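Note that the structure is predicted; figures quoted are calculated from it, not measured.
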Amino acid sequence: MPTVVTGSITDILQTSAMGGGEVTDDGGSDVTVRGVCWSTWSEPNDQHAWTEDGSGVGSFTSDINGLEAGTTYYLRAYAKNTAGTGYGEIFSFSTLDESSLVDIDGNVYQTVQIGDQAWMAENLKVTRLNDGTQLTMGAYTDPSESPFEERVYQYVCYDLQESNCETYGALYRDDLVMQTNKLCPAGWHISTNVEWDRLIAHLGGDAVAGGKLKQEGYELWNTPNTGASDEVGFEALPGGAFVMNVATVTLEFRYMHTQSWFWSPGGTEFYSGADYEAARVLNHDSGDIRRFNSYIYQSMENQNSLYVRCVRD
């Protein structure tokens with residue numbers, strides 16, 4: 001029988017994954033079919049679900065579809081010749097549960113249902129639009145460094161440390177947030193001013209909603225982390241922001257461990273008849289949630305960078 005090696009299992013989603021293997025020896029007879037087979041039983045074989053991925057010796061890849069979310073499967077490669085079926089090693093993997101969301105970079109996010117809205121329970125950290133367009137990473141902290149037209153960065157990690165993007169998410173510039181509907185994964189969009197209003201109303205209003213959204217404890221939030229209960233699983237973290245310091249008229253990384261800033265585009269509270277991007281802010285020393293509009297930073301237009309939460313369409 002053929003000798004076959006099972007390849008790594010990658011790109012695991014709710015209902016699909018990628019696999020494959022390599023036929024290293026045909027056993028003296030032509031390999032007529034090869035692929036992978038899988039099952040919830042610990043010893044999958046060709047009587048279970050399988051793929052057919054060509055013939056002969058060599059490497060192959062397999063598209064694994066028809067899986068169930070939140071389920072553990074066992075998989076191995078196989079190859080057939082006239083003598084029978086040879087199998088590779090058995091690997092196990094678990095599909096993502098239904099509350100998970102995956103962006104184009106492969107980042108996996110937990111989601112949460114709050115009232116009649118489905119929200120991401122983590123900040124976005126994608127580096128590409130959902131059509132594959134690469135975003136530019138960078139930061140300018142001094143407006144005199146270059147003309148506005150040359151400032152091409154579209155997102156930044158706090159303090160220019162990529163580890164902060166992993167922990168807190170990426171800070172996205174306001175022109176990117178306002179000008180594209182392709183930042184969130186397909187089927188999701190940037191949470192709007194109206195959607196934030198609905199979320200806050202569901203939680204009892206501005207005075208208490210902030211505490212109900214903040215992660216509990218003091219691992220990341222500074223004390224006193226007033227009112228923090230995270231009762232709906234929103235997991236708001238104190239990742240600060242990249243915003244203008246009005247005293248020095250410079251862009252600065254500010255508020256790490258004390259505040260959490262989120263874009264909520266579409267606010268019209270300060271200038272009637274025109275849409276201005278808005279932000280919602282949580283504080284370590286208050287249980288409320290506050291609203292800011294970009295007119296505060298109009299001299300630094302299109303350069304403030306805040307976090308993004310996506311909502312299901």
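- A cation-pi contact, defined as under 6.0 Å to the ring centre and within 45° of the axis, links R309 to F234.
- Side-chain polar atoms of N164 and T167 form no donor-acceptor pair below 3.5 angstrom.
- With rounding to the nearest 0.5 Å, the separation of NZ in K182 from CG in D131 is 4.0 Å.
- Looking at residues two or more places apart in sequence or on another chain, you find no disulfide bond (SG atoms under 2.5 Å apart) involving C37.
- Annotation: salt bridge (charged side-chain N to carboxylate O under 4.0 Å, His left out) contacts of E166 (sequence neighbours excluded): K125.
- Here the side chain of E195 pairs a donor or acceptor atom with the backbone of T192 at under 3.5 angstrom.
- Residues passing the side-chain hydrogen bond (donor to acceptor under 3.5 Å, both in side chains) test with S191 are W196, sequence neighbours excluded.
- Shown here is W188, whose CH2 atom has more than 12 heavy atoms of other residues, nucleotides or ligands within 6.0 Å.
- Note that the CG atom of D206 and the CG atom of D197 stand 7.5 Å from one another [nearest 0.5 Å].
- Remark: Q134 CD is packed, more than 12 non-hydrogen atoms of other residues, nucleotides or ligands lying under 6.0 Å away.
- Contact of the P238 side chain with the M256 side chain is not registered, since no non-hydrogen atoms from C-beta on lie closer than 4.5 Å.
- Judged as a salt bridge (charged side-chain N to carboxylate O under 4.0 Å, His left out), and not counting sequence neighbours, D53 has no contacts.
- Here the closest non-hydrogen pair linking A77 and V4 is CB-CG2, 3.7 Å.
- In terms of the side chain to side chain contact (heavy atoms under 4.5 Å, CB included) criterion, residue partners of E89 (sequence neighbours excluded) are, by chain and number, V5, T6, F91.
- Sequence neighbours left out, the pairs with a member in residues 20-42 that pass side-chain hydrogen bond (donor to acceptor under 3.5 Å, both in side chains) are S29-T82.
- A pairwise comparison of heavy atoms in G84 and P2 identifies O-CD, 3.9 Å as the closest pair.
- Side-chain atoms of C184 and I190, non-hydrogen and from C-beta on, do get closer than 4.5 Å to each other.
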Exercise for the section: Would you check, one step at a time, whether the test side chain to side chain contact (heavy atoms under 4.5 Å, CB included) holds for L183 with N130? Expected result: CA-CA 6 Å; L183 191 57; N130 62 30; over 6 Å; no
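- V281 pairs by the side chain to side chain contact (heavy atoms under 4.5 Å, CB included) definition with Q259, W261, N283, F292, not counting sequence neighbours.
- Formation of a donor-acceptor pair under 3.5 Å by the D97 side chain with backbone atoms of S100 is found in this model.
- Listed by first and then second residue, the salt bridge (charged side-chain N to carboxylate O under 4.0 Å, His left out) pairs that reach into residues 68-88 are D46-K80, sequence neighbours excluded.
- N45 has its side chain within reach of Y87: a pair of non-hydrogen atoms, C-beta onward, lies under 4.5 Å apart.
- Among pairs with a residue in residues 228-243, those fulfilling side-chain hydrogen bond (donor to acceptor under 3.5 Å, both in side chains) read Q215-E235, at least two apart in sequence or across chains.
- Defined by atom type and a distance below 3.5 Å, a donor-acceptor pair is present between the side-chain atoms of H189 and D313.
- Using a 4.0 Å cut-off between a side-chain N of Lys or Arg and a carboxylate O of Asp or Glu, D288 and K212 do not qualify as a salt bridge.
- Each of M120 and L96 belongs to its own hydrophobic cluster when Ile, Leu, Val, Met, Phe, Trp and Tyr are linked at side-chain heavy-atom distances under 4.5 angstrom.
- For the pair V232/L203, a side-chain contact is recorded, criterion being any heavy-atom separation below 4.5 Å from C-beta on.
- Among residues two or more places apart in sequence or in another chain, the salt bridge (charged side-chain N to carboxylate O under 4.0 Å, His left out) test is passed with R128 by D105.
- The shortest non-hydrogen separation linking V33 to S55 is N-CB, 4.3 Å.
- Looking at heavy atoms from C-beta onward, V126 lies in side-chain contact with Y172 at the 4.5 angstrom threshold.
- For the residue pair Y168/N123, the side-chain donor-acceptor check at 3.5 Å is not satisfied.
- Checked against salt bridge (charged side-chain N to carboxylate O under 4.0 Å, His left out), D116 has the following partners two or more places apart in sequence or in another chain: R198.
- Residues L135 and L124 share a single hydrophobic cluster, defined by chaining ILVMFWY side chains whose heavy atoms lie under 4.5 Å apart.
- Note: L101 CG to N107 CG = 10.0 Å, rounded to the nearest 0.5 Å.
- The shortest distance between side-chain heavy atoms of D174 and W263 falls below 4.5 Å.
- Under the side chain to side chain contact (heavy atoms under 4.5 Å, CB included) criterion, N225 pairs with K214, Y218, W221, A228, sequence neighbours left out.
- Shown here for V177 and P265, the closest heavy-atom pair between the two residues is CG1-CG, 4.4 Å.
- In this structure, the side chains of L67 and Q14 stay at 4.5 Å or more apart for every pair of heavy atoms.
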Practice task
For side chain to side chain contact (heavy atoms under 4.5 Å, CB included), just list the numbers for F242 and Y158, CA-CA rounded to whole Å, side-chain angles, deciding distance to a tenth of an Å, and then say yes or no.
Solution key: CA-CA 7 Å; F242 185 52; Y158 194 97; over 6 Å; no
